[in-house]
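Remember, it's a predicted structure, so these values are computed and weren't measured experimentally.
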Amino acid sequence: MATYTAANALKKISTGDESGTWGDSTNNNFDIIDRASNGFVSIALSATSYTLELSTTSVLSDGHYKAIKFTGTPSDTCTVTLQQNNKARIYMILNSTNQTLSITQGSGANVTIVSGKSAIILADGAGSSAAVTDFTSLILN
């Protein structure tokens, strides 16, 4: 039975498993690694909340991307919730929407990114009390 890595849910194929199909799983793992190392995605927002999905079973998801550009025209501040609050992640985020983004992972601190600005953020993965920190503000101070 396969298990998955903690950070990116890469599938760890056990010896003797997936005879004749392990190549598909391996190629999927490479796609996840590609997204997590230098991948970029543009996500259009239209509502005031959005969940950035991050799979726990090696399914490709937008939460794997390292760099994310949010576009669109939400009607007010948009809260972007990082789906897995027990996964530490670093993201580079560009806010190209017409509104402020509030990035959250749990009940801890959130990061606010105003329209037209960007930030490098750390989501600490501390579970229900997870916090998000803006590295950019720490570098510039």
Side-chain angles (χ1 to χ4, degrees), residues 1-18 20-141:
M1 180 172 167
T3 57
Y4 302 91
T5 62
N8 287 303
L10 297 174
K11 191 175 196 177
K12 297 174 168 181
I13 303 167
S14 301
T15 302
D17 282 354
E18 299 194 27
T21 63
W22 66 268
D24 293 336
S25 294
T26 301
N27 289 338
N28 190 69
N29 281 344
F30 287 143
D31 289 340
I32 292 171
I33 292 167
D34 192 51
R35 287 180 179 200
S37 61
N38 286 308
F40 172 80
V41 67
S42 183
I43 299 171
L45 303 174
S46 58
T48 57
S49 66
Y50 178 80
T51 299
L52 185 63
E53 295 181 1
L54 182 60
S55 172
T56 59
T57 59
S58 82
V59 173
L60 293 173
S61 53
D62 285 343
H64 284 123
Y65 286 101
K66 178 65 66 193
I68 301 170
K69 177 181 181 179
F70 287 104
T71 64
T73 55
S75 60
D76 202 350
T77 296
C78 182
T79 300
V80 176
T81 302
L82 307 178
Q83 183 182 46
Q84 301 296 332
N85 65 11
N86 62 345
K87 304 268 188 227
R89 307 291 300 173
I90 295 175
Y91 290 107
M92 295 178 281
I93 296 180
L94 172 60
N95 181 1
S96 292
T97 72
N98 65 334
Q99 298 291 335
T100 297
L101 298 179
S102 176
I103 313 296
T104 185
Q105 188 182 40
S107 64
N110 300 328
V111 168
T112 299
I113 306 171
V114 298
S115 178
K117 297 294 181 180
S118 59
I120 299 169
I121 64 166
L122 166 69
D124 69 13
S128 62
S129 63
V132 182
T133 302
D134 181 354
F135 276 170
T136 312
S137 68
L138 298 174
I139 294 169
L140 298 176
N141 288 331

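Between the side chain of Thr104 and the backbone N or O of Asn110 there is no donor-acceptor pair closer than 3.5 Å. Counting only distance, with no hydrogens or angles, the side chain of Lys87 and the backbone of Ala6 share a donor-acceptor pair below 3.5 Å. Side chain of Thr48 to backbone of Thr77: no donor-acceptor contact under 3.5 angstrom is found. Under the 3.5 Å distance criterion, the side-chain polar atoms of Asp24 are left unmatched by any main-chain donor or acceptor of Asn28. Side-chain atoms of Ser55 come within 3.5 Å of backbone N or O of Thr57 as a donor-acceptor pair. Listed for the Arg89 side chain is a donor-acceptor partner under 3.5 Å among the backbone atoms of Gly63. Side-chain N or O atoms of Thr97 include none that pairs as donor or acceptor with a backbone N or O of Gly72 at under 3.5 Å. In this structure a side-chain-to-backbone donor-acceptor pair under 3.5 Å is present from Gln83 to Leu54.
The environment of Phe40 atom CZ is dense: over 12 non-hydrogen atoms of other residues, nucleotides or ligands sit within 6.0 angstrom. Annotation: Asn27, atom CG; neighbour count of heavy atoms from other residues, nucleotides and ligands within 6.0 Å is above 12.
In this structure the side chain of Asp62 never reaches within 4.5 angstrom of the side chain of Glu53, judged on heavy atoms. Residues Asn38 and Lys66 fail the side-chain proximity criterion, which asks for heavy atoms closer than 4.5 Å. The side-chain heavy atoms of Glu18 and Thr21, taken from C-beta on, include a pair separated by under 4.5 Å.
Here the closest heavy-atom approach between residue Asn8 and residue Ala36 is recorded as OD1-CB, 3.6 Å. The nearest pair of heavy atoms linking Asp124 to Ala126 is OD1-N, 3.0 Å. Heavy atoms only, all atoms of each residue included: Val59 and His64 are closest at O-CE1, 3.3 Å. When all heavy atoms are compared, the tightest approach of Tyr4 to Ser58 is CE2-OG, 3.7 Å. Nearest heavy atom pair, residue Asp17 against residue Ala2, reads OD2-N, 4.0 Å. Taking all atoms of both residues into account, the shortest heavy-atom contact from Gln105 to Gly125 is OE1-N, 2.9 Å.
Taking CD1 of Ile68 as the start and CD1 of Ile43 as the end, the distance is 5.0 Å to the nearest 0.5 Å. One distance of note links CG of Leu52 with CD of Gln84; it measures 10.5 Å at 0.5 Å rounding. The CG atom of Asp76 sits 11.5 Å away from the OG atom of Ser102 when rounded to the nearest 0.5 Å. Here the straight-line distance linking atom CG of Leu45 with atom CG of Asn95 works out to 8.0 Å at 0.5 Å rounding. Distance check, rounded to the nearest 0.5 Å: CG of Leu10 to OG of Ser25 gives 11.0 Å. Interatomic distance, Thr100 OG1 to Ile103 CD1, rounded to the nearest 0.5 Å: 10.5 Å.
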> Can Thr136 and Ser118 be said to form a side chain to side chain contact (heavy atoms under 4.5 Å, CB included), step by step?
Replying inline: CA-CA 8 Å; Thr136 312; Ser118 59; over 6 Å; no

> For Thr81 and Ser49, what are the C-alpha separation, side-chain angles and deciding distance, and is it a side chain to side chain contact (heavy atoms under 4.5 Å, CB included)?
Replying inline: CA-CA 8 Å; Thr81 302; Ser49 66; over 6 Å; no

> Should Thr5 and Asn29 be marked as a side chain to side chain contact (heavy atoms under 4.5 Å, CB included) after you check the CA-CA gap, both sets of side-chain angles, and the distance that decides it?
Replying inline: CA-CA 10 Å; Thr5 62; Asn29 281 344; over 6 Å; no

>> Could you walk me through whether Ser96 and Lys69 satisfy the side chain to side chain contact (heavy atoms under 4.5 Å, CB included) test, starting with their C-alpha distance in whole Å, then the side-chain angles of each, then the deciding distance to 0.1 Å, before giving a yes or no?
In response: CA-CA 7 Å; Ser96 292; Lys69 177 181 181 179; 3.3 Å; yes

